[in-house]
Amino acid sequence: MEGVDAVVAVLQRGDQAEICKHLQSFNTQHAQTFGFPDLQQDKRKNLVSAILEVLNKDMQPSCHATCLSTIRILSRDKASLQFLAKPLCVSTLLKHAGMGGAEAVVELPEDEVMAEAEKCLCNIIFTSPTAQRLCSSNGCVEGVAGRLKCISDPHLSYDVKIFAVRLTFLLTALCIDIRQRLQVEYNVPALLLSAMEHTLGLENNSTLGTLEGVVLTDEQVDLLSEILKTMFNVTLTGQARQLDEEELERYKQMTAVCRYMLMCRASSETKQEELHSHTINLMTNLPKSCLSEVIVRQGERGVGKEYDGWNMDPIITILDFLERRIDQNKRLLETLTPVLTCLIAISRANPNIRKFLRASVLPPLRDVETLPQEGAKLRNKCVRLMTCVVTEVKETAAEFLFVLCKENVDRLVKYTGFGNAAGLLAHRGLLAGGPSAGQDNYSSGDEESDTEEYLVAKDKINPVTGRVDPHRPNPLEEMTDEQKETLFMQLASDFDKLTREGIVKPTMIGSDGRLHVVEGGVAEMMARAQTPPPSHSDNEEEEEND
């Protein structure tokens, strides 16, 4: 690449004005460049070394900021990492980011310098496993924790704050050992919670449950999104371990802050969707015992949606979010699984939330002639997800509706049809019916309140399709007994051939409520079908005799 030798020569001479002039020209020319295939490795090495020499000299902040901008541009190219992911380079960047380690920093660099250094670190750490390993032992962890403590400092610029949090996100996402150290040694969840409250203007506010959401700026949403992503990483073990009293209170406060963010509005639908998405993701990590904090008593204000004395506005926000994501029909695994998981968790955590969700998603049946999966209501959309091609989405959607039905098989089949519910029932060994293992975890209240339309048509509903099927002429009515027998034998022969060739495998429901392959094919299936099951009365007599 032409001109690099000249830039290196200017850097080596050490004239600040010349350095700024040449590097600013280089930075402007390559502002949108993400690779330097024509730059030879020896020249690349010389350029990085010369810039690091300047960064380690006492020069004007503007000169250092320009040098760091050049490092940031070079760090986009993986070919530069072998020179950038070095102890000297990383420690130099940490020094200019004001994250020099455990030693107290007497005077922080200028904000522009710190922000550029943080951007460089983000690029290098994101791409280089070598740099990730270096950050475990070079004071980076201590520096990041120290910076998070200063998020509420009004003298720090927005760029310094957001890139410090982004750097923390990358470290906690890519380095398990650093994540654990930040959790245990530096109590980063508490620091991030404090940063969230500061960004929302909630410090020292003891009446969080009575507050209504506000309109947030784009900068607030972006910073909160970075904090929420990082908080998700450092709370991954929140459900798996025993929490002490202090941690439990922190998680409850975290849930209350999440409730508040669900009530906040952004300047655009895109930004609001982003904020709510990260909020819901975090809620999937919160302990079940804390999730009841997502709703508050309605009080005397009469504002918002009330259900049984509780304000359900946050739950409505989550349901609206779910419906929008279903309608978008994009990247279903990433977009739907978290919100469905969140709804399952809060439904199990609080009976009032579950009852409200059931009333909203599975209201009493009135239309008994339409298939459960057909229509534009949220119930129809959720039932359609039960047969989604993405396994995780299919299973999570089915579990959500199952929980709303208090894990009652008959109730689930009533609202979804046996055909749609078969996957979940087979997975849980409930194809033969009967109580599920989790059914006893729900209160005995909230019983069925069937509509008149449903009661009239109840006996006509096909349990497989979940509706009253339209009348169809019987194709066998016009056939003689001989024709029926011939057709039956032909079908049996075709099915037996498919079985022997391994194209299909006949199955039957076993005593465990799961499907089992019938090795003997059609003949064994017919024999089993003709064998009457042991009667319940016979079993009772045997028990009495015992």
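Numbers here simply count residues along the sequence, with the first being 1.
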Do T127 side-chain atoms and I124 backbone N/O form a donor-acceptor pair below 3.5 Å?
-> no
Report yes if some heavy atom in the side chain of L412 is under 4.5 Å from a heavy atom in the side chain of L424; otherwise report no.
-> yes
Show your reasoning for whether salt bridge (Lys or Arg N to Asp or Glu O under 4.0 Å) applies to R147 and E118.
-> CA-CA 11 Å; R147 176 58 45 82; E118 289 172 350; 2.6 Å; yes
Are K414 and Y454 in a cation-pi contact, defined as NZ or CZ under 6.0 Å from the six-membered ring centre and within 45° of the axis?
-> yes
Closest non-hydrogen contact found for H96 with A117 is C-CB, 3.8 Å
Do side-chain atoms of N285 reach the backbone of F232 as a donor and acceptor pair under 3.5 angstrom?
-> yes
Any chance CD of E110 has more than 12 other-residue heavy atoms, nucleotides or ligands included, within less than 6.0 Å?
-> no
Side chain to side chain contact (heavy atoms under 4.5 Å, CB included) between L425 and V413: does it pass, once the steps are laid out?
-> CA-CA 10 Å; L425 299 180; V413 170; 4.2 Å; yes
Taking side chain as C-beta onward, heavy atoms only, is L365 less than 4.5 Å from R379?
-> yes
Step through the shown structure and confirm whether more than 12 heavy atoms of other residues, nucleotides or ligands are within 6.0 Å of CD1 on I176.
-> no
Taking it one step at a time, do C290 and L248 satisfy side chain to side chain contact (heavy atoms under 4.5 Å, CB included)?
-> CA-CA 7 Å; C290 302; L248 200 59; 3.7 Å; yes
Side-chain donor/acceptor of E116 to backbone N/O of V113, under 3.5 Å = no
Under 3.5 Å, side chain of S277 to main-chain N/O of E273, donor-acceptor pair present?
-> no
More than 12 heavy atoms of other groups within 6.0 Å of Y186 OH | yes
Say you draw a straight line from OG1 of T66 to CD1 of I71; how long is it, rounded to the nearest 0.5 Å?
-> 12.5 Å
Side chains of N138 and S91: closer than 4.5 Å at any heavy-atom pair?
-> no
Donor-acceptor contact below 3.5 Å, side chain Q220 vs main chain T199 = yes
Flag side-chain contact, heavy atom, 4.5 Å: L404 against S347 = yes
What one should report as the nearest heavy-atom pair of N123 and R76 is ND2-CG, 4.3 Å
Determine whether more than 12 heavy atoms belonging to other residues, nucleotides or ligands lie under 6.0 Å from atom CD of E185.
-> yes
Working to the nearest 0.5 Å, report the span between CG of L84 and OG of S128.
-> 9.0 Å
Output for pair (L286 CG, R250 CZ), nearest 0.5 Å, gives 12.0 Å
Please examine the side chains of I73 and N27, heavy atoms only from C-beta on, and report whether any two atoms are closer than 4.5 Å.
-> yes
Rounded to the nearest 0.5 Å, how far apart are CZ of R166 and CG of D159?
-> 9.5 Å
Roughly how far, to the nearest 0.5 Å, is CZ of R324 from CG of L319?
-> 11.0 Å
Taking R354 for its side chain and R348 for its backbone only, find out whether a donor-acceptor pair lies under 3.5 Å.
-> no
R181 with E142: basic N within carboxylate O range, under 4.0 Å = yes
Look only at the side chain of K161 and the backbone of I151, and say whether a donor-acceptor pair between them is shorter than 3.5 Å.
-> yes
Do the side chains of I295 and R259 get nearer than 4.5 Å, heavy atoms only?
-> no
Can you tell if the side chain of L262 reaches within under 4.5 Å of the side chain of D313, non-hydrogen atoms only?
-> no
To the nearest 0.5 angstrom, please state how far the CG atom of L121 sits from the CG atom of L167.
-> 5.5 Å
Have a look at T341 and tell me which of N281, I280, T284 forms a side chain to side chain contact (heavy atoms under 4.5 Å, CB included) with it.
-> T284
Is D222 salt-bridged to K271, going by a charged N under 4.0 Å from an acidic O?
-> yes
CA sep, side-chain torsions, deciding dist, call: I316, F356, side chain to side chain contact (heavy atoms under 4.5 Å, CB included) | CA-CA 9 Å; I316 293 174; F356 175 76; 3.7 Å; yes
Of all heavy-atom pairs between L333 and E392, which one has the smallest distance, and what is that distance?
-> CD1-CB, 3.5 Å
So do T235 and M254 actually touch side chain to side chain, heavy atoms under 4.5 Å?
-> yes
Minimum-distance pair of heavy atoms, taken over all atoms of L170 and C122 | CD1-O, 3.4 Å
Of the non-hydrogen atoms in T370 and R467, which two are nearest, and what is the gap between them?
-> O-CB, 3.7 Å
Going through the checks in order, is the side chain to side chain contact (heavy atoms under 4.5 Å, CB included) test met by L362 and C405?
-> CA-CA 9 Å; L362 299 176; C405 295; 3.7 Å; yes
Under 3.5 Å donor-acceptor, Y251 side chain and P287 backbone = no
On a heavy-atom basis, the closest approach of R325 and L336 is CB-CD2, 3.6 Å
Measure from the side-chain N and O atoms of D111 to the backbone N and O of S157, and report whether any donor-acceptor pair falls under 3.5 Å.
-> yes
With a 4.0 Å cut-off, would you call R428 and E399 a salt bridge?
-> yes
Is the backbone N or O of I125 less than 3.5 Å from a side-chain atom of Q132, with the two atoms forming a donor-acceptor pair by type?
-> yes
